[in-house]
Amino acid sequence: MRVPSLPVTVSRPIRARIDLAALRHNFGVARRLAGKACLWAVIKANAYGHGQFPVAHALRDLADGYALLEIENAIALRERGHRQPILLLEGFFTPADLPALARFDLTPVLHCRAQLDMLAASSERPRRVYVKLNTGMNRLGFLPPELPEILRALAALRIQDVTLMSHFAAADAPSPAEIAASLARLREANAEPRLPVSLANSAALIRHPESRGGAGDWARPGIMLYGGSPFAPADRTAAQLDLRPVMTLESRLIGIQHPDAGERIGYGGLFQVEAPTRIGIVACGYADGYPRHAPTGTPIAVAGHMTRTLGRVSMDMLACDLSGIAAEIGAPVTLWGTGEGGQVDADAIAAAAGTIGYELFCAVAPRVPMRWEG
Ligand SMILES: *Cc1c(COP(=O)(O)O)cnc(C)c1O
């Protein structure tokens, strides 16, 4: 049987648009905050869901280096011609990883003795390492008093180019107490000769100037590059930080309903209509990455008007309130970002759903076509 061939076009209206000019603007905000310190552009998790390669390409003349997790993704960046330093935030996992680190000039984070043993047993070693200290988060890292011994072991392996790294557990909190305690532990460990340091994520870069470092040090902004606020919306929004949204998730109305008073909307009938009303059905659901836990009342923009979602988000669709909005099937809808439908802060959607912008961006599903602009 011959299958008739038709031009393949994506016709379901949901899209994620990535504004690379906004990404570069946000990088500029990080650059100004960093002062003399260098900047890793954190592009882990497929650049927080924005596409690792387009994001790296857009930042190629701005970022001092790229930070990510997987060695194969780092190699793929090298193969695309990126020559900047590349930091592997979890280092290496098995001895088989080590030849690639040397060959592709990748900088691993060294955070445990098992990694040190692998280095000692290998004939191929990276030129440069980041030694991660646990200054209070208790996730990865050596304890500060272990540092002299780690440095001696590295020197014996002829690895002299060492940067000290730590990660804060609560850099987004308004109180600087946690940062001060971590910095004190780090300063005590980092005796003469002082090693370069890399401490600040987005929140610390914005809120804790004392953690940014100076010439030779490196900050590691992630979420702010993508236009997300590292703080709770009630604390400081992305707009207040001069960050521009990079990702817009947009779709269209594919259905209109006119339920009478007393009728219910969607699975479980969670929302009951009080008066005859007009509701719109949007081609976007949790299988697209929209959070299922977003309750009735979550902001959504339709044809230039702010409105609210109604009832439970289903796999492929969600419902919204069209009271007072003259929108028909095909009308543009912005789930988050800035589009034809209007403007919605992704952090507000995240807050409504009990999560953070990071998770929304990372969760956009592969079935959503992504377009890069700017
Ligand atoms: C993800 C990550 C960052 C970036 O954090 P943001 O909050 O997105 O700025 C920095 N450092 C490490 C070690 C990370 O894992």
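Indexing begins at 1, ligand by ligand and atom by atom, following the structure's order.
The nearest protein atom to atom 12 (C) of ligand 1, hydrogens excluded, is given as H167 CE1, 3.4 Å; this is a heavy-atom distance. At the shortest separation from atom 1 (C) of ligand 1 among protein heavy atoms lies K44 NZ, 1.5 Å. Given atom 7 (O) of ligand 1, the protein heavy atom at minimum distance is Y358 OH, 2.6 Å. S202 OG, 2.5 Å is the protein heavy atom nearest to atom 9 (O) of ligand 1.
Residue R220 has at least one N or O atom closer than 3.5 Å to an N or O atom of ligand 1. Checking only distances, M165 never comes within under 3.5 Å of ligand 1, N or O to N or O. Below 3.5 Å of separation, one finds no N or O of R139 facing any N or O of ligand 1.
Atom numbering of ligand 1 starts at 1 in the shown order; those under 4.0 Å from a heavy atom of I223 are 6 (P), 8 (O), 9 (O). Which parts of ligand 1 touch Y48 is read off a 4.0 Å heavy-atom cut-off, strictly below it: atoms 1 (C), 4 (C), 5 (O), 6 (P), 8 (O).
Within the structure, the side-chain hydrogen bond (donor to acceptor under 3.5 Å, both in side chains) test picks out the following pairs touching residues 150-169 (sequence neighbours left out): R128-D161, T135-S166, H167-R220.
No side-chain heavy atom of R212 sits less than 4.5 Å from a side-chain heavy atom of W218. By the 4.5 Å heavy-atom criterion applied to side chains, I43 and V55 are counted as neighbours. Counting heavy atoms from C-beta on, the side chains of L335 and S251 come closer than 4.5 Å.
The aromatic rings of W336 and F361 sit perpendicular to each other, their planes meeting at more than 60°, with 30° as the lower class boundary.
With values rounded to the nearest 0.5 angstrom, K132 atom NZ is found 11.5 Å from F142 atom CZ. Between atom CD1 of residue I265 and atom CD1 of residue I281 there is a gap of 7.0 Å, rounded to the nearest 0.5 Å.
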